[in-house]
A.B. asks: 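Here you go, one structure.
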There are 2 protein chains.
Amino acid sequence: MSSSEHDNMSESSNLDPASNESTFSPYSGTSPSQIVPELANGIIELTCEDAIRENKPYLRIIEEPVDYFRFRYRSEMLGTHGCLLGRNSAQVKKSKSHPTVELCNYNGSALIRCSLARHNSSLEHPHKLTEEDQDRDITSLLPLRGSYKVAFSGLGIIHTAKKDIPTLLYKRYSQELKQNEFNERKLRMQCENETKNINLNIVRLMFTAHDVTTGAPICPPVFSQSINNLKSAATNDLKICRANRYYGRPNGGDTVYILVEKVNKKNIAIRFYELDEIGDKVWEDRGHFLQSDVHHQYAIVFTTPPYRDTKTKTDVKVFFELLRPSDGRCSEPKEFTYIADVYNRDVKKRKAESYSSLGSSGGSVKSFSDLPLTLDFANTLTKKEMDIDPMPILPPNNYIPPTPPLKLRLDGRRVVTERV
Amino acid sequence: MSSSEHDNMSESSNLDPASNESTFSPYSGTSPSQIVPELANGIIELTCEDAIRENKPYLRIIEEPVDYFRFRYRSEMLGTHGCLLGRNSAQVKKSKSHPTVELCNYNGSALIRCSLARHNSSLEHPHKLTEEDQDRDITSLLPLRGSYKVAFSGLGIIHTAKKDIPTLLYKRYSQELKQNEFNERKLRMQCENETKNINLNIVRLMFTAHDVTTGAPICPPVFSQSINNLKSAATNDLKICRANRYYGRPNGGDTVYILVEKVNKKNIAIRFYELDEIGDKVWEDRGHFLQSDVHHQYAIVFTTPPYRDTKTKTDVKVFFELLRPSDGRCSEPKEFTYIADVYNRDVKKRKAESYSSLGSSGGSVKSFSDLPLTLDFANTLTKKEMDIDPMPILPPNNYIPPTPPLKLRLDGRRVVTERV
DNA sequence: GAAGGGGTCACCCCCGAC
DNA sequence: GTCGGGGGTGACCCCTTC
C-alpha cells in the first residue's frame, strides 16, 4: 500500500543528453522524487556540499538500487534470473530503471567503477557483482553520449560461499602486505574472525571515479543504500500473506492465525497500532505469542492485544504488521477492526445491529467464535533471545578509505581493470 | 489416538531363556500382539510354512522396527541421536524394544546378519546400518544365552549422499563381475539409471542366517516392514499440529486453517469421514483447497465439505485427517463437529441453545465467524499432479535373491564379516 | 529463452531432560 | 556433560510463468 507506491520514474537507463549540463547543483535535471537524493550516510552529503562549494568533482547517486534482491550463488548463474533494478523501477514493464550515478564538476574522460561494500563499513564485500556473463570489474567510461550520468544495468550479486571467505580475505591481505609484514597463521586467524563480522545478507554498491590514464581516484566514493538478500530470513521482506480474521473484541485476547513469509521465531513481533485522521500514531501494542506459536517459520498463532478503550462505543479501524526487532523493518500493515461490544454501543445502533441470525452473511456485526480463549499467552521476546548480530569492531560508518588506484586496459568501451 | 496404541510389549531385548524351545510353530512363546506376526511379504510366510512342514530352518521377525525414523548423514553422527526402536516400544521409558528376529528349526551355532534392503526389491540399499560408533556389518552370533532370538539394539541408518550412489553401485558391480565381463562406460551409465530408481527415503531391514564356519546361508532371508525417513516430505509422518476451528455448518464451506508438518502440495489431501457405533466408516468426503492454499509446506487453508445430511437435526461428530495419495498414509485424525443448524433442530433443543449472548464462553452452540465464505474452491488434485514415483523396472517384490555367503572372522562375540 | 520462484539435499546447530 | 531428539541454514537444484 505505501512503500511500493512511487512516482513513475522519469530517470531511466536511457539517459537524456539534454540534461548533460555540468552543473554544481545536485538538484538539477532530475525528477521530483530526486530533489532530495537519499545518500548512504551523512558524511557523503557533507563531502558533496564541500565539493560543490569548492568546485571540486564529486559523485552523486541519481537512482538508488532496490532494497531487496536475491543474492545468487555462482552455481545458480547458469540461467538468468533478472538484474538489480533501480528503486524507482515501476512494476509494469517498459519503465525499468537501474542504479545510476553522476560525476559532477568534471570535464574530460573518467572511469566509473561499481563494486560491493559491506553494509556497516566502507570495506570491500566478499560477494561479487556480475554483469551478464562477464566476470570482471564493473566499469563504465565517461562521458557517455555527452552525459556524465551512467546507469549500471544488468547487475547481479553473486553470493560467495561462507566457507570460502576466510581464504578469500587471506589472499587479499597477503597480496596487499609485503612478504615479511605478516605472520601467516595469525593472519589466517584474523581472517576467520573478520569473516564472522561480515553480514553476508546485506551489501551496498560503492561507486568510485578514476582518471582514465592513471587510474587515480578523482573524488571520494559514494555508497548506495543497503541491499538486503531476499532469500534470507534475517533480511528478507516481511509479509503477512493471509489471516483467518481481521476483527476482534475491544478487550483483545482473540486468537488469530496468520500465514507469513519466512520469519525467525526469535526475531519477530506483531505490532498493532492506530492512526488518527492526520496519520499520526495514537496507539500501539503487541500481539501476544510464544516462540512455540511460530510454526516452522511460516505461520504465527497469536492473540490480539486489548484496544486502548475496551469500552469503545463504535468500531475502530487499526492496523497490524510484522516487526523484526533486529533491524526495525516491518511488513505491509493489514487492517484490523475492533468491533464495539454490542452493550456499549449507542441504543440506536444496538437496535439495528444486534441479534442478527446465526449463519447469515454480510452483516456488519461479526461474532466471536474462538471462545473460550487460550490463556496465558505472553510475549516473551527478550533482547537476549533475538540473536542480534553484535556490532563488529570495525571502522565507523563515516570512515571513507582512500580509493585505491586502478590498473586499466581499454577493451572497446569497457575498461578492464585490475587492483594494483 | 489409534495407531500408536499397542499392548505394552513383553518382548524386549532382554531375551527370556525359558522361551528357547526349538518349536515348529511360529505362534509360540510370544506376547499376544505377536500371535500373528506381520511379515514383510507373502512369499516369506509361505517359505516359513514350507520350512515348518519340512522341518527346515527359517528366520522369523519377532519385533518389527518402527515405521518412521530419521535417517542421518554421516556428518550428523558425531553426537548420538537415538537408535532404531521396535514397533512396540512404549513411549514411556524403560520399556523399549528393538528389532528382533528368531532362527527356528536350527541347532548349533549360527550367525545372524542385519543389513538394509530397498523397499521394493530384495537388493541391497545404498544406505548403511550403523551400530554405535562401529562401522562394519551388523551381526550377532547365536545361540545367545541359550536363545535363538536376537534383538538388534543401537542401530542407526546412515543416509548415503545421493551424489555418491552411482560410484558406490559401480564399485559394487565391478567387484562382483570379472574384469572382462563389463564395459566400464556402460556400467557407469547403468548405475546412474539404477540410482534414479532407488528410493532413498524408504528402507527395509534384511536378516540373513549364516553357518559360522563357512558363512553359507542357512535359510532364505526375511525382510522387515518398510522404515520411512522422518525428515523427508515424501515419507514423513503426517501431522495436523493445530487448527483454528473444529466445527462447522452441515452445508460445509467453512474455512479452516491448519498448521501441519511438512507436506508436499502436489501430494496431499484432507479426508473427512464419519464412523458409526461399531467403528465402520459410513461417510467420507474431502476438504477443498488449491495447491496455492498450501503455504510453504507447513499450513493449509481449506473449506469443509458438506455433511451427508445438510439438514441434520443434531450435532454430528466426524473426523478429518491428512492423506498422502502417493502411499495412502494418513495423519492422526482430528475430531470435527457439524453443528446442526438451529432451525433444523428439535423445538425443545432450539429453546435451550439458541440466542445465547454474543461473546459468552462455554456454550455448546458455536457461531460461524468466517462468513461470507471464500467461493470457488475446488479440489484439483489429479493423479498426474501428484508426482508419484514411477514403478521402477526391477525384480518383483516376491523375488528373493540367493543369500551370498559371508567371509567370517571371529572377534569376541562379534563376527567381522566381509562380502566374498 | 527471460525472470522469477519454491523445494531439496546435506549439514549444522539448538534444546530440554537427564 | 551426554542422550535423544529437533529446527534452521547454506548451497544447490529445479519449476513456473511470461
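Quick note on labels: first sequence line is chain A, next is B, and so on, each numbered from 1. Computed from a predicted model, the values in this text were never measured in an experiment.
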A.B. asks: Is there a donor N/O on one and an acceptor N/O on the other, under 3.5 Å, for the side chain of A:Arg72 and the base of D:dG10?
C.D. replies: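 Answer no: no donor N or O sits under 3.5 Å from an acceptor.
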A.B. asks: In Å and rounded to the nearest 0.5 Å, what is the CZ to CG distance from A:Phe69 to A:Leu84?
C.D. replies: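 Spacing of CZ (A:Phe69) from CG (A:Leu84) equals 5.0 Å.
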A.B. asks: NZ of A:Lys262 versus P of C:dT8: gap in Å, rounded?
C.D. replies: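 The answer, rounded to whole Å, is 13 Å.
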A.B. asks: Report the distance from atom NZ of B:Lys196 to atom C1' of D:dC14, rounded to the nearest whole Å.
C.D. replies: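 Between C1' of D:dC14 and NZ of B:Lys196: 16 Å.
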A.B. asks: What is the distance from CG of B:Asn236 to P of D:dG6, rounded to the nearest Å?
C.D. replies: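 Interatomic distance, CG of B:Asn236 to P of D:dG6: 12 Å.
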A.B. asks: Once you round it to whole Å, what is the distance between P of D:dG4 and CG of B:Leu84?
C.D. replies: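 Roughly 13 Å, once rounded to whole Å.
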A.B. asks: Distance check needed: D:dG6 C1' versus A:His295 NE2, whole Å only.
C.D. replies: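 Computing the A:His295:NE2 to D:dG6:C1' distance gives 14 Å.
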A.B. asks: Between A:Glu124 and A:Arg118 (salt bridge meaning N to carboxylate O under 4.0 Å), is one present in this structure?
C.D. replies: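 A salt bridge is absent here (no side-chain N lies under 4.0 Å from a carboxylate O).
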A.B. asks: Can a side chain N or O of B:His296 be found less than 4.0 Å away from OP1 or OP2 on C:dG7?
C.D. replies: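 B:His296 to C:dG7 OP1/OP2: side-chain N or O found under 4.0 Å.
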A.B. asks: D:dG5 P sits how many Å from B:Leu85 CG, rounded?
C.D. replies: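 These atoms are roughly 7 Å apart.
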A.B. asks: Under a 4.0 Å N-O cut-off, is there an ion pair linking A:Asp293 with A:Lys265?
C.D. replies: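 Looking at A:Asp293 and A:Lys265, the cut-off is not met.
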A.B. asks: With a 4.0 Å limit, can you tell me whether B:Lys265 has a side-chain N or O closer than that to the phosphate oxygens OP1/OP2 of C:dG7?
C.D. replies: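 B:Lys265 to C:dG7 OP1/OP2: side-chain N or O found under 4.0 Å.
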A.B. asks: Find the distance A:His159:NE2 to D:dG10:P and express it as a whole number of Å.
C.D. replies: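 These atoms are roughly 7 Å apart.
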A.B. asks: Could you tell me the separation between the CE atom of B:Met77 and the P atom of C:dC12, rounded to a whole number of Å?
C.D. replies: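 It works out to 14 Å between those atoms.
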A.B. asks: For the side chain of B:Lys162, starting at C-beta, report the closest nucleotide among C:dA10, D:dG5, D:dG7.
C.D. replies: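 Nucleotide nearest to B:Lys162's side chain: C:dA10.
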A.B. asks: More than 12 heavy atoms of other residues, nucleotides or ligands under 6.0 Å from CE of A:Met189: yes or no?
C.D. replies: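 Open: at most 12 neighbouring heavy atoms sit under 6.0 Å from CE of A:Met189.
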A.B. asks: Using heavy atoms to find the nearest nucleotide of DNA chain D for A:Asn201 and B:Arg70 separately, return the residue whose nucleotide is more 5′.
C.D. replies: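 Result: B:Arg70.
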A.B. asks: Want to settle it: does B:Glu76 or B:Val263 sit nearer the 5' end of DNA chain C, counting the closest nucleotide to each?
C.D. replies: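 First, find each residue's nearest nucleotide; the 5'-ward one identifies B:Val263.
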A.B. asks: So what does A:Thr80 hit on the nucleic acid, given a heavy-atom distance under 4.0 Å: a base, only sugar-phosphate, or nothing?
C.D. replies: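 Touches a base.
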A.B. asks: Using a heavy-atom cut-off of under 4.0 Å over every strand shown, decide if B:Lys231 touches base, sugar-phosphate, or nothing.
C.D. replies: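 Base: the residue B:Lys231, judged by heavy atoms under 4.0 Å, touches a nucleobase.
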A.B. asks: Nearest to the side chain of A:Gln297 - C:dT8, D:dA11, D:dG8?
C.D. replies: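 Output: D:dG8.
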A.B. asks: Considering only side-chain heavy atoms of B:Tyr73, which listed nucleotide, D:dT9, C:dT8, C:dA10, is closest?
C.D. replies: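 Among the listed nucleotides, the one closest to the side chain of B:Tyr73 is C:dA10.
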A.B. asks: Do A:Glu76 and A:Arg70 meet the salt-bridge criterion of a basic N to acidic O distance under 4.0 Å?
C.D. replies: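 The answer is yes: the pair qualifies as a salt bridge.
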